[in-house]
Amino acid sequence: MDQQEEVGLPLDGNAAAGILRELFAFDVTAAEVTFGNCGIVAMVGETKLYGGVMGAIFRCARCDGIVMRLVRTRVGIWLDMRGSRLLFARTRSKWPNQDFTGPA
């Protein structure tokens with residue numbers, strides 16, 4: 001298989017749920033990411049995913065900018081999030097009457 005066949009057409013970011021589950025204790029595909037290139041906020045599952053044997057590249061579905069790079073090696077998983085400004089995952093609050101809604 002040559003490199004072009006390995007990379008193929010993009011999937012959506014939901015296709016990376018399994019590998020992201022190895023890094024995070026929650027479903028990251030349902031988290032919101034703010035893209036560094038265009039500033040759009042969308043769920044990780046809405047990104048375009050290009051992948052191969054060693055990892056994945058997540059791109060913005062709107063501007064095609066790189067949001068995250070993920071590489072799996074023998075020793076671990078590397079996640080480069082330089083293309084994103086913020087990752088937000090909604091959780092159930094453990095604090096009653098919590099009124100904090102996000103960064104200023």
Side-chain angles (χ1 to χ4, degrees):
M1 176 184 308
D2 66 18
Q3 184 177 358
Q4 182 64 22
E5 289 174 336
E6 182 178 306
V7 174
L9 296 175
L11 303 171
D12 69 25
N14 289 304
I19 195 169
L20 289 171
R21 182 56 118 169
E22 294 180 38
L23 281 176
F24 297 96
F26 58 91
D27 181 7
V28 178
T29 61
E32 292 177 345
V33 63
T34 303
F35 304 134
N37 192 42
C38 65
I40 295 298
V41 177
M43 291 179 11
V44 172
E46 295 176 310
T47 61
K48 292 190 296 185
L49 176 71
Y50 294 86
V53 175
M54 287 189 63
I57 296 175
F58 299 78
R59 290 183 171 270
C60 174
R62 182 174 182 189
C63 75
D64 208 40
I66 294 176
V67 180
M68 296 185 288
R69 296 170 186 89
L70 188 146
V71 177
R72 176 187 280 146
T73 68
R74 289 180 304 179
V75 297
I77 297 173
W78 302 83
L79 180 62
D80 174 354
M81 295 184 62
R82 283 180 279 178
S84 60
R85 294 182 194 164
L86 181 68
L87 181 71
F88 171 72
R90 190 167 306 281
T91 60
R92 284 189 233 142
S93 175
K94 294 181 181 182
W95 300 285
N97 302 320
Q98 181 181 5
D99 60 359
F100 179 74
T101 58

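Being a predicted model, the structure only gives us computed values, none of them experimental.
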On a heavy-atom basis, the closest approach of N37 and G65 is ND2-CA, 4.0 Å
Show the atom names and distances, to 0.1 Å, of all donor-acceptor pairs under 3.5 Å that link a side chain in residues 68-77 to residues at least two apart or in another chain.
| from | atom 1 | to | atom 2 | distance (Å) |
| --- | --- | --- | --- | --- |
| R69 | NH1 | D80 | OD2 | 3.3 |
| R72 | NH2 | E22 | OE1 | 3.4 |
| R72 | NH2 | E22 | OE2 | 2.5 |
| T73 | OG1 | V75 | N | 3.3 |
| T73 | OG1 | G76 | N | 3.4 |
| T73 | OG1 | G76 | O | 3.2 |

Any L87 side-chain heavy atom under 4.5 Å of V44 side chain: yes
State the CZ-CG distance between F58 and L79, to the nearest 0.5 angstrom. 7.5 Å
L49 side, atom CG; I57 side, atom CD1 - distance, nearest 0.5 Å: 9.0 Å
State the OG1-CE distance between T29 and M43, to the nearest 0.5 angstrom. 6.5 Å
To the nearest 0.5 angstrom, please state how far the CD atom of E32 sits from the CD atom of E46. 9.0 Å
Shared ILVMFWY cluster between M81 and F26, side chains joined below 4.5 angstrom? yes
Contacts of D64 meeting salt bridge (Lys or Arg N to Asp or Glu O under 4.0 Å) (sequence neighbours excluded), chain-then-number -> K48, R59
Rounded to the nearest 0.5 Å, what's the gap from SG on C63 to CD1 on I40? Could you check? 8.0 Å
